[in-house]
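Computed from heavy atoms alone, side chains included, the values below leave out hydrogens, waters and symmetry copies.
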Amino acid sequence: MTLEDYLRQTALPKNEARLLAQAATGYTRAQLLTCDREPLPPDTAAALVALEQRRLNGEPVAYILGEREFYGRPFAVSPATLIPRPETEHLVEAALTHLPPDGRAWDIGTGSGIIAVTLACERPDAHITATDISPAALAVAEQNAAAHRARIRFACGSWFDALPADLQTSFHLIVSNPPYIEKNDPHLQQGDLRFEPPTALTDFSDGLSCIRILAQGAPARLADGGRLMVEHGYDQGAAAREIFAAADLNNIETLPDLAGHERVTMGQKAV
Ligand code: GLN
């Protein structure tokens, strides 16, 4: 079998088949094109068919490869972490806009660390803290920080309890992509979500409980004028703004994602 044969007969979408072929052969994208008529060594062909079978069984490509790109950088992912989504890049863009020079930012529920590591890479002057309740997720985040030489303070724990009280002050930014899917949302039973850690996806409640925890707790941990930024579901913008207002945050606004859905709500601590 050649790569050309494989790509012609596979039941997978071609972009997915190419990614799996790259993993099985160790080829770059360019080599994949130039070597597509050479017969594959039998063990490489067998490895490729095994990867294909995992994908046909529903396993996400990101978990099969152990990697997903975010904001132009490769990130290690494992079934202990959510798979990075392009929507989260809007949260990162907003954070980069509002992080002052030498600013302090706290990424709560960092998962694979995509937000914290990207901020640290884009802004080496910043002081970044990243926390998560899951030690397994935190290990992946630490691996990503090391791979990208990002200087980050990590700690394990639930929401604001992850840091000792004396470190919980004067943040210019608190950012989070919390679990925001409602417990009975049928999407949890579909596609990649079936394989992702449930605790990273849903609050097992109305989808807003983590956003409430973040909004209620943020003002005490923010510097004057500091901002809370939270990613949420496409239909949670109005509810998020209400929760932020009830927590006395000011200048509340919601940013859309590329599909035009309300995706990131932010609010500022009164000066
Ligand atoms: N912060 C990580 C991400 O954006 C993890 C978020 C989560 O697990 N809910 O992918």
Look at Glu231 together with Arg85 and state whether they make a salt bridge at an N to O cut-off of under 4.0 Å.
-> no

Shortest non-hydrogen contact from Leu255 to Glu253?
-> CD2-OE1, 4.0 Å

Measure across Thr25 and Thr44 and return the closest heavy-atom pair with its distance rounded to 0.1 Å.
-> CG2-CG2, 3.8 Å

Do we see a donor-acceptor contact under 3.5 Å between the side chains of Arg263 and His90?
-> no

Pair Arg8 + Asp36, salt bridge at N-O below 4.0 Å | no

With rounding to the nearest 0.5 Å, note down the distance linking CZ in Phe70 to CG in Asn144.
-> 11.5 Å

Do you know which two heavy atoms are closest between Pro178 and Trp159, and how far apart they sit?
-> CB-CH2, 3.8 Å

Identify the heavy atoms of Pro197 and Pro79 that sit nearest to each other, and give their distance.
-> CD-O, 3.4 Å

For Phe195 and Asn57, the nearest pair of non-hydrogen atoms, with its separation, is CZ-O, 3.9 Å

Roughly how far, to the nearest 0.5 Å, is CG of Leu33 from OG1 of Thr28?
-> 8.5 Å

Between Arg73 and Glu122, is the closest basic N to carboxylate O distance under 4.0 Å?
-> yes

Would Ser170 and Arg104 count as a side-chain hydrogen bond (donor to acceptor under 3.5 Å, both in side chains) if you check the C-alpha gap in whole Å, the side-chain angles of each, and the deciding distance to 0.1 Å?
-> CA-CA 7 Å; Ser170 322; Arg104 287 163 47 79; 5.1 Å; no

State whether Arg68 and Glu196 are salt-bridged, where the test is any N-O pair (Lys NZ or Arg NE/NH1/NH2 against Asp/Glu carboxylate O) under 4.0 Å.
-> no

